[in-house]
Amino acid sequence: MQSHPDVQRLEDGDVSQRDHLLGEDLTGLPDLGADQLFNGSTVASRFLRAELELNARLRTLSFGKPVRYTYNPLEYAWDTHRCYVEKYCQEGQSILFLGMNPGPFGMAQTGVPFGEVKAVRGWLKITGAVGRPAEEHPKRRITGLDCTQSEVSGARFWGFFQELCGETHNFFRHCFVHNLCPLIFMSESGKNLTPPELPAAERDALLSCCDSALCQVVTALGVSLVIGVGKLAEQRARRALAEAGITVRVEGIMHPSPRNPLANKGWANIVRDKLDNLGVLSLLTS
């Protein structure tokens with residue numbers, strides 16, 4: 001699959017396109033290290049370039065009711081997100097775990113997918129400054145790595161792999177974790193809204209941007225298996241990659257959300273069995 005023209009121009013050193021993607025206000029992207037990022041040939045730098053392009057596309061979108069607040073942690077939490085990517089996105093990974101979009105006490109706080117704060121600080125050892133979105137809901141303040149509220153989904157997800165793998169190396173030598181959409185949406189009351197709850201035209205425009213970015217990410221990583229975390233991520237990945245002609249196996253595991261009654265009845269055991277059936281468990285326990 002060919003690179004998107006914007007990405008190709010970045011790889012060719014087009015400074016004007018780089019500036020367009022970053023925008024005029026760089027305060028949301030602390031310590032970019034632009035030369036290394038835009039001239040780098042590592043998997044991590046290619047991954048980050050794809051995300052910056054996605055950010056630029058997402059800035060052109062607008063969202064009406066029921067959405068009142070939109071946060072993008074790839075802007076205000078870029079520092080910690082980049083730390084995560086540069087630390088763990090590497091050559092040779094064959095499996096991409098794909099979530100849908102951030103939760104208010106996970107990636108929205110830390111910039112890390114399923115980023116429950118204790119897991120991010122304790123097991124993943126992520127550091128960095130986290131800013132704040134331009135407009136915050138008073139009940140959904142961003143406190144970054146100082147957030148004291150735990151996200152159940154993230155605690156279950158990373159806790160499972162910590163128990164299974166022990167050391168982070170044993171997980172990340174084979175796997176990486178990413179979200180299809182980096183945006184979190186909230187209603188006037190502060191209720192978390194998922195992309196399917198958006199008006200159809202806004203949802204389709206959003207997911208079109210995210211699908212395109214996913215194709216770039218999968219190509220950059222060179223993975224052979226995408227595992228959607230939850231049915232929505234699995235179905236979206238299967239559709240987007242097939243339409244782009246990217247031959248990658250797509251499977252799925254149950255989402256760890258406490259909203260899912262089955263996930264509250266032994267999610268870890270269910271996922272362990274599924275990963276065993278997929279042939280992934282042996283990679284992570286060997």
Side-chain angles (χ1 to χ4, degrees), residues 27-33 37 42-45 47-48 51 55 71-90 93 95-133 136-137 139-184 186 190 192 227 229-230 253 255-258 263 267-268 271 284:
T27 58
L29 305 175
D31 191 23
L32 280 168
L37 177 58
T42 65
V43 172
S45 62
F47 183 94
L48 290 169
E51 292 194 305
N55 271 356
Y71 297 2
N72 185 354
L74 294 193
E75 293 187 338
Y76 63 81
W78 177 261
D79 201 17
T80 48
H81 179 74
R82 183 176 177 180
C83 176
Y84 163 72
V85 173
E86 293 187 334
K87 192 179 185 77
Y88 294 119
C89 184
Q90 54 198 261
Q93 291 169 323
I95 301 164
L96 178 66
F97 284 92
L98 183 72
M100 190 62 202
N101 72 310
F105 303 108
M107 184 173 177
Q109 299 290 339
T110 65
V112 176
F114 296 95
E116 194 265 345
V117 175
K118 289 182 180 178
V120 167
R121 295 179 63 176
W123 194 50
L124 298 178
K125 299 289 193 292
I126 299 302
T127 60
V130 176
R132 297 168 70 175
E136 291 179 285
H137 190 284
K139 296 180 180 179
R140 294 289 182 264
R141 300 291 188 190
I142 297 301
T143 54
L145 297 179
D146 294 324
C147 179
T148 57
Q149 186 155 344
S150 177
E151 181 185 74
V152 175
S153 294
R156 284 177 175 168
F157 182 88
W158 288 117
F160 171 78
F161 287 111
Q162 181 178 6
E163 182 176 350
L164 184 69
C165 301
E167 299 297 327
T168 54
H169 166 75
N170 295 328
F171 176 78
F172 287 105
R173 62 180 173 171
H174 299 293
C175 307
F176 192 62
V177 183
H178 175 56
N179 270 339
L180 176 69
C181 173
L183 302 183
I184 177 171
M186 282 163 278
N192 186 37
I227 300 178
V229 183
I253 60 172
H255 198 285
S257 171
W267 179 83
V271 169
L284 301 180

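Heavy-atom basis, side chains included; hydrogens, waters and symmetry copies ignored.
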Asker: Look up atom NE2 in H169 and atom CD in Q90, then write down how far apart they are to the nearest 0.5 Å.
Answerer: 8.0 Å
Asker: Mind checking the NZ-CG spacing from K118 to L124? Nearest 0.5 Å is all I need.
Answerer: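 One finds 15.0 Å between NZ of K118 and CG of L124.
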Asker: Got a second to check how far W267's CH2 is from I253's CD1, nearest 0.5 Å?
Answerer: 5.0 Å
Asker: Quick one, M107 and N101 - any side-chain contact, counting heavy atoms below 4.5 Å?
Answerer: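 No, side chains not in contact.
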Asker: Check the pair V130, T110 against side-chain contact (heavy atoms from CB on, under 4.5 Å), reporting the backbone distance first and the verdict last.
Answerer: CA-CA 7 Å; V130 176; T110 65; over 6 Å; no
Asker: Assess whether side-chain contact (heavy atoms from CB on, under 4.5 Å) is satisfied between N192 and F105, documenting all intermediate values.
Answerer: CA-CA 11 Å; N192 186 37; F105 303 108; over 6 Å; no
Asker: Given side chains that start at C-beta, do those of E136 and Y71 come closer than 4.5 Å, heavy atoms only?
Answerer: yes
Asker: Let's go through I227 and C175 carefully: what are the C-alpha distance in whole Å and the side-chain angles of both, what is the deciding distance for side-chain contact (heavy atoms from CB on, under 4.5 Å) to 0.1 Å, and is it a yes or a no?
Answerer: CA-CA 10 Å; I227 300 178; C175 307; over 6 Å; no
Asker: With heavy-atom distances below 4.5 Å as the criterion, would you say the side chains of K87 and K125 are in contact?
Answerer: yes
Asker: Do you know which two heavy atoms are closest between P102 and A108, and how far apart they sit?
Answerer: CB-N, 3.9 Å
Asker: Contact between Y88 and F171 at the side-chain level, heavy atoms closer than 4.5 Å - yes or no?
Answerer: no
Asker: Can you label the angle between the F47 ring and the H178 ring as parallel, tilted or perpendicular, going by 30° and 60°?
Answerer: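 It falls in the perpendicular class, over 60°.
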Asker: What class does the angle between the rings of W158 and W123 fall in, given that below 30° is parallel, 30 to 60° is tilted and above 60° is perpendicular?
Answerer: tilted
Asker: What's the spacing between T42 OG1 and L48 CG if we round to 0.5 Å?
Answerer: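 The CG atom of L48 is 8.0 Å from OG1 of T42, to the nearest 0.5 Å.
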Asker: Drop me the distance from Q93's CD to R173's CZ, to the nearest 0.5 angstrom.
Answerer: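 One gets 12.0 Å once the value is rounded to the nearest 0.5 Å.
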Asker: Assess whether atom CZ of R121 is packed by more than 12 heavy atoms of other residues, nucleotides or ligands within 6.0 Å.
Answerer: no
Asker: Is there side-chain contact between V120 and Y84, with at least one heavy-atom pair below 4.5 Å?
Answerer: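 When only atoms from C-beta onward are counted, Y84 and V120 do not touch, as no gap falls below 4.5 Å.
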Asker: Do E116 and R156 have side-chain heavy atoms sitting under 4.5 Å apart?
Answerer: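 No, every pair of side-chain atoms sits at 4.5 Å or beyond.
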Asker: In terms of relative ring orientation, are F157 and F161 parallel, tilted or perpendicular, with 30° and 60° separating the classes?
Answerer: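 Because their plane-to-plane angle is over 60°, the rings of F157 and F161 count as perpendicular.
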Asker: Do the ring planes of H255 and F114 sit parallel (below 30°), tilted (30 to 60°) or perpendicular (above 60°)?
Answerer: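 Rings of H255 and F114: tilted, 30 to 60°.
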Asker: Applying the side chain to side chain contact (heavy atoms under 4.5 Å, CB included) criterion to L74, which one of L183, N55, N179 satisfies it?
Answerer: N55
Asker: Can you tell me how far NE2 of H137 sits from CD1 of I184, rounded to the nearest 0.5 angstrom?
Answerer: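 Nearest 0.5 Å value for the CD1-NE2 distance: 11.5 Å.
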Asker: With a 4.5 Å cut-off on side-chain heavy atoms, are V229 and P256 touching?
Answerer: yes
Asker: If we only count heavy atoms from C-beta on, is the L145 to T80 side-chain gap below 4.5 Å?
Answerer: yes
Asker: Specify the closest pair of heavy atoms between V117 and G144, including all atoms of both residues, with the distance to one decimal.
Answerer: CG2-O, 4.0 Å
Asker: At their closest point, which heavy atom of S257 faces which heavy atom of A263, and how far apart are they?
Answerer: O-CB, 3.5 Å
Asker: Quick one, Q109 with T143, criterion side-chain contact (heavy atoms from CB on, under 4.5 Å). Give me CA distance, side-chain angles, the key distance, then yes/no.
Answerer: CA-CA 6 Å; Q109 299 290 339; T143 54; 3.6 Å; yes
